[in-house]
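This report refers to the structure that appears directly beneath it.
Everything numeric in this text was worked out from a predicted model, so none of it was measured. Hydrogens, waters and symmetry mates are skipped; everything else that's a heavy atom, side chains included, is used.
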Amino acid sequence: MFNSGEVEIRAMGDPLDGDENSDSTAQDRHLTAMQDLTAAMAAGGTSFAERIEPVLAVGREHLDFSEGYVAVVSDEEHEVVASTDGIPVGMTSPLAETFCRHTLAEDGINVLSDLDETLTDDPAQDRFDLRSYVGTALQPQEGVYGTLCFVNDSAPLDGWSDWQQTLFEHLTQWVEAEIERERALDTRERSQRLLEATFNSPETFIGILDTDGTLTRANETALAFIDADDTVFGEPLWETPWWDHDEAVARRCQDAIERVRAGETVRFEAEHIGADGQRISTAVVARPVVADGTVRKIIIEGTDITDLKRHEEQMEFFNSILRHDILNGMTVIEARAETLADDLDGTQATYAETILDWSRDIVDLTQKVRSVLSTMSEDGLTEAEAMPLEPVIEGAVNKAASMDEDCTVETDIDDGLTVVADDLLDDVVGNILTNAVEHGGPGSTIEVTAERVGSMVRLHIADDGPGISPDERDTIFEKGERGTQSTGTGFGLYFVSVMVESYGGDIWVEDSDLGGSEFVVEFPAK
């Protein structure tokens with residue numbers, strides 16, 4: 001205990017016990033103080049300050065001080081968090097300039113008097129100019145919080161009796177209990193906010209059900225999807241708009257809930273239709289909430305997997321192309337080409353050899369795509385690496401030129417261009433070039449240029465053909481789309497767009513200075 005001045009502190013005894021250290025006046029004052037304290041405790045408000053300040057007022061009155069306050073101490077800063085009228089809540093001071101630093105360094109109650117005489121050189125006295133001070137460290141269960149203090153700026157402390165010490169200790173216990181309560185409330189509120197943030201995840205539909213399948217709560221994401229409010233609560237889940245658009249989907253939901261009611265966690269996939277007609281696919285998990293061995297609630301969560309399903313559809317599309325459009329067709333073409341190459345002479349034999357070369361290239365491409373499908377994942381199609389662009393363009397130009405001896409292909413490629421791609425890059429570039437030759441017409445002119453633009457390499461393939469109308473420029477890259485004059489499968493440009501996207505690039509169509517179309521492909525530069 002730190003003491004200053006002529007303040008007498010006697011051994012603590014309960015004034016209501018009537019022992020030798022108490023008298024009837026002290027007992028009366030103590031009884032009155034405790035009655036006032038009990039009333040103040042009962043009259044407290046909802047906030048921490050509203051509960052503490054009436055108690056501080058009782059202490060100020062019965063301990064004969066002009067002001068009282070509770071301060072929190074952290075990072076060498078002292079901040080008032082509750083007080084009587086004269087000290088503003090929120091006032092901060094450096095801890096080194098407060099009397100509370102003495103209180104925190106000592107055990108028990110720190111009583112200081114005649115401060116204008118005994119601690120004239122103390123920085124706290126220089127800052128606050130007090131006559132007396134009494135304080136104690138507040139130490140709830142989680143460690144030191146701050147201090148409980150009473151101060152006088154006009155009169156010294158005239159003694160400190162047993163009943164005042166007892167009252168002060170009651171005040172301390174009450175304030176520490178309120179601190180623990182406030183901390184518990186803060187923890188609960190933080191947990192509640194975290195729970196609400198998780199519950200209202202923008203990526204997941206979440207519902208809480210009674211064990212009979214009645215919906216009792218749903219998150220904002222789920223409600224917004226069907227443009228509903230809490231009027232859907234109280235309905236069996238399978239009869240709500242998320243599920244009732246399709247009898248089979250509703251039955252799957254109901255069957256899952258029956259299994260969860262028996263304690264099982266059930267996973268399945270479902271389709272839902274939103275209020276705006278949007279159709280999505282979800283991966284659904286329905287699980288029981290068990291207490292004392294009994295299922296009390298059911299939680300059902302649906303995660304949007306529409307993009308994943310689209311990804312799977314892309315893979316299936318590639319598979320169908322491989323199985324039907326390429327492999328079956330190439331079996332016939334390669335066999336016939338081999339026969340012709342063996343039987344023909346001269347120019348016709350050369351043509352047959354060209355057909356055979358092309359068929360073998362297509363078979364090779366087929367094997368590459370099959371390899372892609374085996375490694376396909378959400379993170380990308382294949383492992384991209386640095387690849388020089390010029391030899392890829394040279395090979396693609398030679399193949400494209402072999403389709404039409406009268407076409408002209410001109411190139412202007414900046415030296416040393418290297419892009420991030422994979423071993424399908426030659427097929428990506430080749431598809432665009434052969435598309436230009438096919439749709440440009442006999443004797444077409446094609447210009448191929450490439451340059452670095454910032455962090456990207458931009459490849460331009462321009463032709464003087466009939467061009468592509470603006471309303472078709474986006475759709476030609478979609479699965480199965482073909483130009484109006486095309487007899488193909490719609491595989492080529494869709495393949496190109498998927499691969500370019502997997503590299504981290506982009507592709508689009510512009511008007512060509514030659515009068516036709518210009519395909520622009522951006523690759524990440526290496």
Side-chain angles (χ1 to χ4, degrees), residues 310-311 313-322 325-326 358 361-362 364-373 375-376 380-385 387 389 391-400 403 409 411 413 417 419-440 446-450 456-463 465 467-468 472-510 512 516-525:
R310 185 177 299 117
H311 189 71
E313 289 174 0
Q314 291 173 348
M315 293 178 64
E316 178 55 34
F317 175 75
F318 281 129
N319 267 317
S320 68
I321 292 293
L322 290 175
D325 296 278
I326 297 180
W358 269 87
D361 285 343
I362 294 173
D364 180 60
L365 171 61
T366 302
Q367 298 302 324
K368 289 178 180 178
V369 174
R370 291 180 66 183
S371 176
V372 167
L373 292 176
T375 59
M376 216 170 185
L381 291 172
T382 59
E383 190 69 28
E385 58 184 359
M387 302 193 70
L389 184 60
V392 171
I393 293 175
E394 181 180 351
V397 165
N398 290 336
K399 289 181 183 179
M403 296 174 62
V409 183
T411 61
I413 311 299
L417 291 178
V419 301
V420 177
D422 59 18
D423 61 359
L424 290 175
L425 179 62
D426 54 347
D427 298 297
V428 169
V429 177
N431 265 283
I432 303 174
L433 275 166
T434 55
N435 183 77
V437 173
E438 178 184 352
H439 295 286
I446 301 171
E447 290 184 353
V448 182
T449 60
M456 307 296 284
V457 169
R458 189 170 290 175
L459 172 66
H460 303 263
I461 300 177
D463 63 59
I468 301 173
E472 290 183 326
R473 290 178 183 176
D474 290 330
T475 59
I476 60 171
F477 296 109
E478 294 178 1
K479 178 178 63 180
E481 288 294 325
R482 298 179 296 180
T484 54
Q485 305 300 319
S486 175
T487 59
T489 64
F491 168 77
L493 292 181
Y494 175 64
F495 165 77
V496 168
S497 67
V498 170
M499 295 307 303
V500 169
E501 181 181 352
S502 77
Y503 301 151
D506 196 8
I507 183 170
W508 65 91
V509 180
E510 299 177 350
S512 166
S517 298
E518 179 173 330
F519 282 76
V520 184
V521 191
E522 280 191 338
F523 300 97

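- Of all heavy-atom pairs spanning Val509 and Arg473, the tightest one is O-CD, 3.7 Å.
- With respect to Phe523, the side chain to side chain contact (heavy atoms under 4.5 Å, CB included) criterion is satisfied by exactly one of Val420, Ile507, Val419, Asp506: Val419.
- To the nearest 0.5 Å, atom CG of residue Asn435 and atom CG of residue Leu493 are 4.5 Å apart.
- Between Val496 and Ile432, the closest side-chain pair of non-hydrogen atoms falls below 4.5 Å.
- Taking every heavy atom of both residues into account, Ala400 and Trp358 meet most closely at N-CZ2, 4.5 Å.
- Closest approach of Asp422 and Met387 over heavy atoms only: O-SD, 2.8 Å.
- A side-chain donor-acceptor contact under 3.5 Å links Ser517 to the backbone of Ile468.
- The main-chain N or O of Asp427 is found under 3.5 Å from a side-chain atom of Asn431 such that the two form a donor-acceptor pair.
- Here Lys399 contributes atom NZ and Thr434 contributes atom OG1; the two are 10.0 Å apart, rounded to the nearest 0.5 Å.
- For Glu510, the side chain to side chain contact (heavy atoms under 4.5 Å, CB included) test picks out Trp508, Glu518, Val520, with sequence neighbours left out.
- In this structure, the separation between CD1 on Ile413 and NE2 on His460 is 9.5 Å, given to the nearest 0.5 Å.
- Below 30°, between 30° and 60°, or above 60°: for Phe519 and Phe477 the angle between ring planes is above 60°, a perpendicular geometry.
- A pairwise comparison of heavy atoms in Ile393 and Val448 identifies CG2-CG1, 3.8 Å as the closest pair.
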Evaluate Tyr503 against Val521 for side-chain contact (heavy atoms from CB on, under 4.5 Å), listing each step before the verdict. CA-CA 11 Å; Tyr503 301 151; Val521 191; over 6 Å; no
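- Remark: Glu447 engages Glu410, Leu514 in a side chain to side chain contact (heavy atoms under 4.5 Å, CB included) (not counting sequence neighbours).
- Between atom CG of residue Leu389 and atom CG of residue Leu425 there is a gap of 6.5 Å, rounded to the nearest 0.5 Å.
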